[in-house]
Protein chains: 2
Amino acid sequence: MARTASLSGFPEWLPQERLVELHVLDTLRKTFELHGFSSIETRAVETVGQLLRKGEIDKEVYGLSRLQEDEDTPRDESGKSDKADPNALALHFDLTVPFARYVVENAGYLAFPFRRYQIQKVWRGERPQEGRAREFTQADIDVVGDGELPFRYDVEIALVIAEALSALPIPDFRLRINNRKLAEGFYRGIGLTDTAGVLRSIDKLEKIGEAKVAELLRNELGATDEQAALALKLASIRTEDTSFVAQVRALGVSDELLEEGLSELEQVIEAAVQRAPGKVVADLSIARGLDYYTGTVVETVLVGHEQLGSICSGGRYDALASKGNRKFPGVGLSIGVTRLVSRILSQEFATASRSVPTAVLVALNNDDSWSAAQDVAAQLRGRGIATEVAAKAEKFGKQIKFADRRGIPFVWFTDDDGKHQVKDIRTGEQVDADPASWEPSPDDLHVRITTR
Amino acid sequence: MARTASLSGFPEWLPQERLVELHVLDTLRKTFELHGFSSIETRAVETVGQLLRKGEIDKEVYGLSRLQEDEDTPRDESGKSDKADPNALALHFDLTVPFARYVVENAGYLAFPFRRYQIQKVWRGERPQEGRAREFTQADIDVVGDGELPFRYDVEIALVIAEALSALPIPDFRLRINNRKLAEGFYRGIGLTDTAGVLRSIDKLEKIGEAKVAELLRNELGATDEQAALALKLASIRTEDTSFVAQVRALGVSDELLEEGLSELEQVIEAAVQRAPGKVVADLSIARGLDYYTGTVVETVLVGHEQLGSICSGGRYDALASKGNRKFPGVGLSIGVTRLVSRILSQEFATASRSVPTAVLVALNNDDSWSAAQDVAAQLRGRGIATEVAAKAEKFGKQIKFADRRGIPFVWFTDDDGKHQVKDIRTGEQVDADPASWEPSPDDLHVRITTR
């Protein structure tokens, strides 16, 4: 199973691995739908102008161009990738920016607050490394309001994600939650006015450590030793309950935005302690690099697999989508499905009980019995039993071996007198059976995903 | 619903339209799995060299390039699209070529004959027109053998597709089936040796008509009047049973390959007449443009919607995939999901019973009741009932209106004494209910897709 992708950064799964991925995707879909999220998909392609609206990320974008352009294609339709041309086409690098565009374009057809889930591939031209692919699947949920969006959705989104992740065959996880208002208010309160700059530096904490972040704050943002120390002190606060509020207050900073952020984060943590105990921590070091977040920000780690990076991230964005004066504030989280599935597979957290959907192979008695065998198969399929028919009337031993090699548990025999028998090829037990009523055990009916 | 895509050729669905598409995708998946096909996905990206291996189609391919390449990225890793560079990256334009590559790469891990389904987006840079998008979803099934693949799979694939299409909310359809051996043997038998050239001309029959095809055959392929007439005569044969065999024989041409093709097509039509009556015709005009087909070829029309083009195409390919001397012959068909869904939506062949998965909105009595409301919602979800909780304790009338606007059929109320009631907001009926046992009618439990 330790295969290497034939194109670096573009992983592909074997059929039995894909079954694990399908289980993850089906589980997420079921949880999201139970919570009333509607499915949508957006095109894989956005204009470069749309993608680069928030800056900073152009390095990762794959531009498109037709290998052989028609000469009669007008320039603006050609889709030629040219960074300078905002109408050029490129592959989306996340699902939030396309979703914001979709909401603005379809606002007249949507009922707000609009709840949607979206499970699609995204592409980033980054250097591939462990846990970071160039093509990967994300599973997002978001709620977007028209004009305003109650803060309660920030709480709800975190709880839905905690429930969804709990249903997956993965180790324990922690949602690490912070609030940009809290952080920005605090920086402002200690006299650091380039709050976005401070956030960008704090975002590097895990990569470069406290000393280097302090240096950045002093050298690039003009912070005093005391200001840098306070910013780092704030980022060091981590609590599993709402005691972070007292710890922040003990730092003696006062600011209106800080208070708002403290209150918001308190609400999230308070609800999580009650409804998702042990799954959520207030972690005041969380910044999120992308600059469209305006309140709640979330990253998620697998306990014991922290070096994998965040497996679920997102937050509140009040200004990403707008149409004239009309604003569409939103909050959402994005699960890194490919990153999770890679880890599930490499650590064998879950495996498929067999590698094919097929439960029964109908053997051929002789070459003329194919149509009769198809009748048996149709009867079994009619009752939801996945069934294949052998293609050739080889010796029964060979047909059984064929089933065994493909991981099919049962082989069906019909003799010349029309008498039916079914053999469990794992035990060798062979019994009389009626195609109109025989059923495998529930454990054998479908592929099961068994967890370690 | 008559919205225009904001980017020509890249359709996007509204949530209630997406529910119809999901129904189509779920139905196909279920049918394919019942027949023992395993799911796989391949990366969206192939090398240009891989895509252009069979020539002819480079005009349609979208190349990729990173908008801002790292200076330290070696040339062969950069993914810059350059037609001359076979290592450059491009988006796949179908699922057959990537599947063939996947089979060759993973042959050591697969059990043959390998049956897989694959449902993914593909991209073609063609000029968008009705029924032809630049980004669209295909649903493919294929069986690939190691060394050899019994002809019976050609029959089986056609029957599985007929069953899958019959389960969709679409009008009646016809699989139009031909066989390349039959056609090529016939051309050879009448002395036309550039059989691929003749096929390419015949493929244009529906577009340019008999007279112009005859002209092509004479001018470009050196056919005599008689040869051209015979080729056209062959292409005019259409039968719903195996009587095409006698009609071909009546043309008095004898060739070994022709006989093989006649026998193969006869087997397919014979089985289809019995197992999928009325769904299949032998149509000797079908050629398929792409040149990797070597036997059975299939196109499919929706009866009464022939101008939409083929909604399901494919065939037998004996030489697409190989690894040294090892050959992997295959047969497969590809359903044009986006083309079908576009037509289902525009003609309202199917509609969703509501636009959200949610069956119940739990109303808030007051702002402090949110957590109690979440408890009710969790109980309902625990029994598979999709439930949302109101975000604000507005007047009940407003909360009911909110549910109504979103298409949610039931609103749940809990009074201060903990007494529960549920209201069907379509009828106004309100009854006492227990969150541990109440259920909506089966019709209201999930979104239903109703067909016209």
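Everything numeric in this text was worked out from a predicted model, so none of it was measured. The analysis underlying the following values was restricted to heavy atoms, covering all of them including side chains, and did not include hydrogens, waters or symmetry mates.
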_Heavy-atom contact with chain A under 4.5 Å, split by part of B/Gln120_ = side chain
*Among the options B/Val389, B/Asp367, B/Val155, pick out the one with the most heavy-atom pairs lying under 4.5 Å from chain A.*
B/Asp367
_Heavy-atom contact with chain B under 4.5 Å, split by part of A/Leu149_ = neither
*Does a side-chain heavy-atom distance below 4.5 Å link B/Ile119 with B/Tyr117?*
yes
*asked:* Counting heavy-atom pairs under 4.5 Å with chain A, which one of B/Leu19, B/Thr31, B/Asp26 comes out on top?
replied: B/Asp26
*asked:* Looking at every non-hydrogen atom in both residues, tell me the closest pair between A/Gly384 and B/Leu34 and how far apart they are.
replied: C-CD2, 3.5 Å
_A/Arg383 portion near chain B, given a 4.5 angstrom heavy-atom threshold_ = neither
*For the atom pair CD1 (A/Ile385) and CZ (A/Phe410), what is the distance rounded to the nearest 0.5 Å?*
9.5 Å
*Select, from B/His35, B/Lys121, B/Glu21, B/Lys30, the one with the greatest count of heavy-atom pairs under 4.5 Å involving chain A.*
B/His35
*What do the steps show when you test B/Arg381 against A/Glu33 for salt bridge (Lys or Arg N to Asp or Glu O under 4.0 Å), and what is the final call?*
CA-CA 10 Å; B/Arg381 287 183 202 122; A/Glu33 290 182 352; over 6 Å; no
*Proximity breakdown for B/Pro15 and chain A, heavy-atom pairs closer than 4.5 Å*: both
*Let me know if B/Leu91 has heavy atoms under 4.5 Å from chain A in its side chain, its backbone, both or neither.*
side chain
*Check each atom of B/Tyr102 against the heavy atoms of chain A and say whether the ones under 4.5 Å are side chain, backbone, both or neither.*
side chain
*asked:* Closer than 4.0 angstrom, basic N to acidic O: yes or no for B/Arg275 and A/Asp375?
replied: yes
*Using non-hydrogen atoms only, which part of A/Ile408 is less than 4.5 Å away from chain B: side chain, backbone, both, or neither?*
neither
*Any idea which of A/Glu163, A/Glu46, A/Lys392, A/Gln374 has the most non-hydrogen atom pairs under 4.5 angstrom with chain B?*
A/Gln374
*Which of A/Ala90, A/Ala5, A/Pro113, A/Pro11 touches chain B most, by non-hydrogen pairs under 4.5 Å*: A/Pro113
*Measure A/Phe136 against the heavy atoms of chain B and call it side chain, backbone, both or neither at under 4.5 Å.*
neither
*Side chain, backbone, both or neither: which part of A/Glu135 has an atom under 4.5 Å from a heavy atom of chain B?*
side chain
*Selection from A/Leu380, A/Leu159, A/Thr358 maximising heavy-atom pairs under 4.5 Å formed with chain B*: A/Thr358
*May I ask you to name which of B/Val360, B/Asn106, B/Thr47 has the most heavy-atom pairs under 4.5 Å with chain A?*
B/Asn106
*asked:* Can you tell me which portion of A/Ser355 sits under 4.5 Å from chain B's heavy atoms? Options are side chain, backbone, both or neither.
replied: backbone
*When only pairs under 4.5 Å are counted, which of B/Phe402, B/Trp370, B/Trp123 shares the most heavy-atom pairs with chain A?*
B/Trp370
*Measure the shortest side-chain to side-chain distance between A/Val341 and A/Thr137 over non-hydrogen atoms and say whether it is less than 4.5 angstrom.*
no
*Any idea which of A/Val447, A/Val356, A/Leu22 has the most non-hydrogen atom pairs under 4.5 angstrom with chain B?*
A/Leu22
_At a 4.5 Å cut-off on heavy atoms, which part of A/Arg116 comes close to chain B: side chain, backbone, both, or neither?_
neither
*Hey, what do you get for CD (A/Glu394) to NZ (A/Lys401), rounding to the nearest 0.5 Å?*
11.0 Å
*Distance in Å, A/Arg152 CZ paired with B/Leu364 CG, rounded so as to fall on 0.5 Å steps*: 6.0 Å
*Salt-bridged, A/Glu60 to A/Arg127, with N to O below 4.0 Å?*
no
*With a 4.5 angstrom heavy-atom cut-off, which part of B/Ala44 approaches chain A: side chain, backbone, both or neither?*
both
_With chain A as the partner, which of B/Ala386, B/Pro357, B/Ser6 has the greatest number of non-hydrogen pairs under 4.5 Å?_
B/Pro357
*Show the numbers, then the answer: is there a salt bridge (Lys or Arg N to Asp or Glu O under 4.0 Å) between A/Glu126 and A/Arg134?*
CA-CA 6 Å; A/Glu126 290 171 356; A/Arg134 289 181 155 185; over 6 Å; no
*Determine the minimum heavy-atom distance between B/Ala164 and B/Phe32, stating which atoms define it.*
CB-CE2, 3.9 Å
*Locate the shortest heavy-atom distance separating A/Ile40 from A/Gln118; write the atom from each residue and the value.*
O-CG, 3.3 Å
*asked:* Does the structure place the NZ or CZ of A/Arg115 under 6.0 Å from the centre of the six-membered ring of A/Phe37, at an angle of no more than 45° from the ring's axis?
replied: yes
_Just so I understand: if I count every heavy-atom pair under 4.5 Å between each of A/Glu156, A/Arg406, A/Arg405 and chain B, which residue has the most?_
A/Arg406
*Checking heavy atoms, do the side chain of A/Gln274, its backbone, both or neither come under 4.5 Å from chain B?*
side chain
*Does any heavy atom of chain B fall under 4.5 Å from the side chain of A/Phe10, the backbone, both, or neither of them?*
both
_Can you confirm whether B/Tyr109 sits close enough to B/Phe114 that some side-chain heavy atom of one is under 4.5 Å from a side-chain heavy atom of the other?_
no
*asked:* To the nearest 0.5 Å, what is the distance between CG on B/Leu110 and CG on B/Asp146?
replied: 10.0 Å
*Out of A/Ala271, A/Ala378, A/Ala391, A/Ala111, which one racks up the most heavy-atom pairs below 4.5 Å with chain B?*
A/Ala391
